[in-house]
Protein chains: 2
Amino acid sequence: MSSPRITLKDLAKELQLSPSTISRAIAGHPAISESTKKKVRKKAEELGFAPNSIAAGFRKKRTHSIGVIVPKIDVHFHSLVISGIEDLAYREGYNITIFQSKDSIDREKEIAKILQNRLVEGIIVCLSNETKSYTHFKKLVKLGVPIIFYDRVPTDFQANKVVIDDFGSAFKATEHLIEQGCKRIGHIAGNQGTPIFKHRFEGYKAALKAHNIPYNPDLVLETQNLSYEEGAISARKLIALPQIPDGVFCSNDYTAISAVQVFQKAGFKVPEQIAVVGFSNYPISQVIQPNLTTVNDRAFQMGEAAAKLLIRQIEDEDNAIDFETITLKTDLVIRESSLRKK
Amino acid sequence: MSSPRITLKDLAKELQLSPSTISRAIAGHPAISESTKKKVRKKAEELGFAPNSIAAGFRKKRTHSIGVIVPKIDVHFHSLVISGIEDLAYREGYNITIFQSKDSIDREKEIAKILQNRLVEGIIVCLSNETKSYTHFKKLVKLGVPIIFYDRVPTDFQANKVVIDDFGSAFKATEHLIEQGCKRIGHIAGNQGTPIFKHRFEGYKAALKAHNIPYNPDLVLETQNLSYEEGAISARKLIALPQIPDGVFCSNDYTAISAVQVFQKAGFKVPEQIAVVGFSNYPISQVIQPNLTTVNDRAFQMGEAAAKLLIRQIEDEDNAIDFETITLKTDLVIRESSLRKK
DNA sequence: ATTATTTATGCAAACGTTTGCATAAACATA
DNA sequence: TATGTTTATGCAAACGTTTGCATAAATAAT
């Protein structure tokens with residue numbers, strides 16, 4: 001039922017030409033006359049010739065393929081980043097091969113090993129949260145495979161990185177609460193072993209300091225993974241304090257939303273009594289009542305930037321670049337959950 | 001800085017053996033003695049040899065790669081399906097290359113063309129909503145590339161499909177509302193040009209009929225793409241009717257949620273006055289207040305099933321299977337938005 | 001008409017594996 | 001000792017392209 005594949009040679013035989021001529025004709029080489037080009041294209045169409053890009057890639061040592069390793073595809077942030085990567089890569093003639101580390105260092109290592117085998121010309125990675133050492137990636141770098149890290153990036157290791165300004169974003173978010181008149185601002189924090197969450201915490205503290213608000217550790221609650229449930233637990237702790245906060249900055253939208261709900265159920269008005277700001281601008285933030293003020297972390301742009309940087313490095317002949325770090329702008333999306341209108 | 005790649009030949013020269021022996025030693029061929037195997041493996045490790053799987057794939061005519069075409073990666077349903085595909089494919093030694101059609105038939109055709117070139121051994125597709133003809137896929141089938149369609153599948157075209165029972169799911173959802181005491185049940189429907197949404201509508205009607213509830217077209221509102229905004233508009237229309245419904249079945253969760261919010265804002269109690277059921281079990285359905293009753297559409301399992309089916313066809317030597325359709329079970333996740341207790 | 005230049009095509013090697021077949025060495029059998 | 005069998009390795013071709021170089025034919029310059 002499936003007819004055998006047509007190759008260059010078949011075409012050549014059919015047209016009484018050499019394979020090289022066919023190859024060049026199809027590639028549009030200038031040394032081939034228009035008349036033969038036309039003939040070749042016609043016959044190719046007729047026989048349903050599809051060039052074997054594996055063979056071509058093998059010969060030219062190119063795959064036009066880039067590898068992407070994410071912790072989990074179905075986390076909205078990552079799927080948005082992937083979307084950005086795919087979009088740019090597609091425009092540039094690359095395709096993307098995706099792997100999930102499932103936040104397992106072992107799986108990440110396995111994947112790195114698979115990726116050594118010339119399948120891809122470059123790699124984009126968001127580290128698993130178990131990753132502490134980077135030898136599996138260093139090996140790849142040594143083989144000449146460019147790597148771009150995004151979001152969760154290695155700290156003590158020179159590399160290409162695309163990140164957002166977590167510190168600055170948290171600073172802006174906290175400052176916004178201050179400007180809305182908040183005096184006692186709480187923080188629901190992510191795992192402080194993860195740099196990005198630490199930076200957000202630092203940004204929060206810096207904003208308080210800049211506005212002469214004393215830092216009160218009782219108002220800060222660290223969570224393991226910023227889950228919806230942990231958000232609720234933290235929120236309940238906050239309203240159990242002798243002096244409850246009048247504003248809360250949360251390190252992601254899930255905890256922010258569950259905090260809002262806990263506050264509302266306990267009879268507090270959001271934002272009038274407690275103003276809340278989240279982080280990431282998840283779709284849900286526009287659906288929840290009141291709509292959530294949050295930091296737009298530009299996931300799609302992050303993917304685009306990572307892909308652009310990677311492709312530049314792949315195609316950079318003389319390999320002049322050493323390492324590059326791109327920090328993306330974020331913006332605070334002000335919605336109802338924090339706005340105590342003037 | 002990047003050392004040149006080590007090849008089989010390099011290893012062979014280094015060890016005074018032939019490339020074939022090296023190849024077999026690494027592959028664990030039984031005809032090679034343990035002692036040489038050990039030597040080869042040691043040297044390979046030492047020189048950092050990474051087999052060129054492109055060359056191997058070229059020689060063996062295998063890529064162990066499967067192509068996936070989705071409308072948009074960042075739609076949660078699709079990212080979950082992809083996650084299921086990746087998970088199963090990874091276990092079976094395949095990697096996945098992802099393309100977004102962006103719901104554009106032209107882009108879908110372009111992608112199909114790219115995929116002809118032996119990059120992938122099989123393809124998993126969710127059709128763009130512009131797709132009406134399937135010639136671009138038929139060409140691939142003729143070349144012997146197995147294709148599995150999921151969710152949005154071709155109608156008038158023999159093919160492998162993985163779907164859920166939209167009709168039955170909608171029937172169950174509507175029946176549930178009836179069991180909760182609803183007498184006037186509305187339906188916010190998806191674009192009736194898309195089979196899955198039509199089936200859901202049919203299921204809704206069938207459930208009414210089965211319970212001797214007259215079908216009332218005034219209670220059914222068709223939307224273009226089941227957006228949050230369209231949900232709100234439809235919900236407002238429903239409560240503007242002379243006789244408002246006491247239950248609504250929505251073809252997705254977004255419209256269900258915005259309907260709930262419109263009803264609440266208008267002073268109706270959910271579920272007491274109007275019970276609401278959605279479709280898809282998006283994460284948001286567990287967050288919204290009241291939690292949303294919805295149909296779990298098993299996106300992850302759909303991905304797994306599609307990948308499993310595809311790999312079976314790829315590896316099926318004698319190509320005995322013609323076409324196969326898998327229909328996955330769904331279940332109704334009953335939560336607060338429809339539950340008028342016991 | 002001879003030589004130089006341009007234009008269009010072909011030859012053959014190469015990319016790094018895998019694999020059927022041949023073969024040499026070691027061992028077992030008669 | 002001669003023959004048969006097993007074990008371990010090598011040879012060489014093949015997979016389908018691409019590409020530097022050579023070459024033949026056609027055209028231009030002398």
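The figures that follow rest on heavy atoms only: side chains count, while hydrogens, waters and symmetry mates do not. Below, chains carry the letters A, B, ... as their sequence lines are ordered, and counting in each starts from 1.
Judged as a side-chain hydrogen bond (donor to acceptor under 3.5 Å, both in side chains), and not counting sequence neighbours, the contacts of A/Arg152 are A/Asp103. The side-chain hydrogen bond (donor to acceptor under 3.5 Å, both in side chains) test applied to B/Asp10 returns B/Thr7, not counting sequence neighbours. Contacts of A/Phe300 classified as ring pair (Phe, Tyr, Trp, His ring centres under 6.0 Å), with partners at least two apart in sequence or in another chain: none. With sequence neighbours excluded, no residue satisfies salt bridge (charged side-chain N to carboxylate O under 4.0 Å, His left out) with B/Asp151. Scored by the ring pair (Phe, Tyr, Trp, His ring centres under 6.0 Å) test, B/His76 finds B/Tyr282 as partners (sequence neighbours excluded). B/Phe99 is linked by a ring pair (Phe, Tyr, Trp, His ring centres under 6.0 Å) to nothing, counting only residues two or more places apart in sequence or in another chain.
Less than 4.0 Å separates DNA chain C from at least one heavy atom of each of the following residues of residues 22-35 of chain B: B/Ser23, B/Arg24. The stretch residues 47-64 of chain A touches DNA chain C through A/Phe58, A/Arg59, A/Lys61, each having a heavy atom within less than 4.0 Å of the strand.
A 4.0 Å heavy-atom criterion places the boundary nucleotides of DNA chain D facing chain A at D/dG16 to D/dG20, written 5' to 3'.
Every pair passing salt bridge (Lys or Arg N to Asp or Glu O under 4.0 Å) that includes a residue from residues 80-91 of chain A is listed here, sequence neighbours excluded: A/Glu86-B/Arg107, A/Asp87-A/Arg91, A/Asp87-B/Lys102, A/Asp87-B/Arg107, A/Arg91-A/Glu304. Applying the salt bridge (Lys or Arg N to Asp or Glu O under 4.0 Å) test to every pair with at least one member in residues 108-124 of chain A, sequence neighbours left out, gives these pairs: A/Arg62-A/Glu121. Listed by first and then second residue, the salt bridge (Lys or Arg N to Asp or Glu O under 4.0 Å) pairs involving residues 43-58 of chain B are B/Glu14-B/Lys43, B/Lys43-B/Glu46 (not counting sequence neighbours).
Take the nearest nucleotide of DNA chain D for B/Arg118 and for B/Lys37: the residue whose nucleotide is more 5' is B/Lys37.
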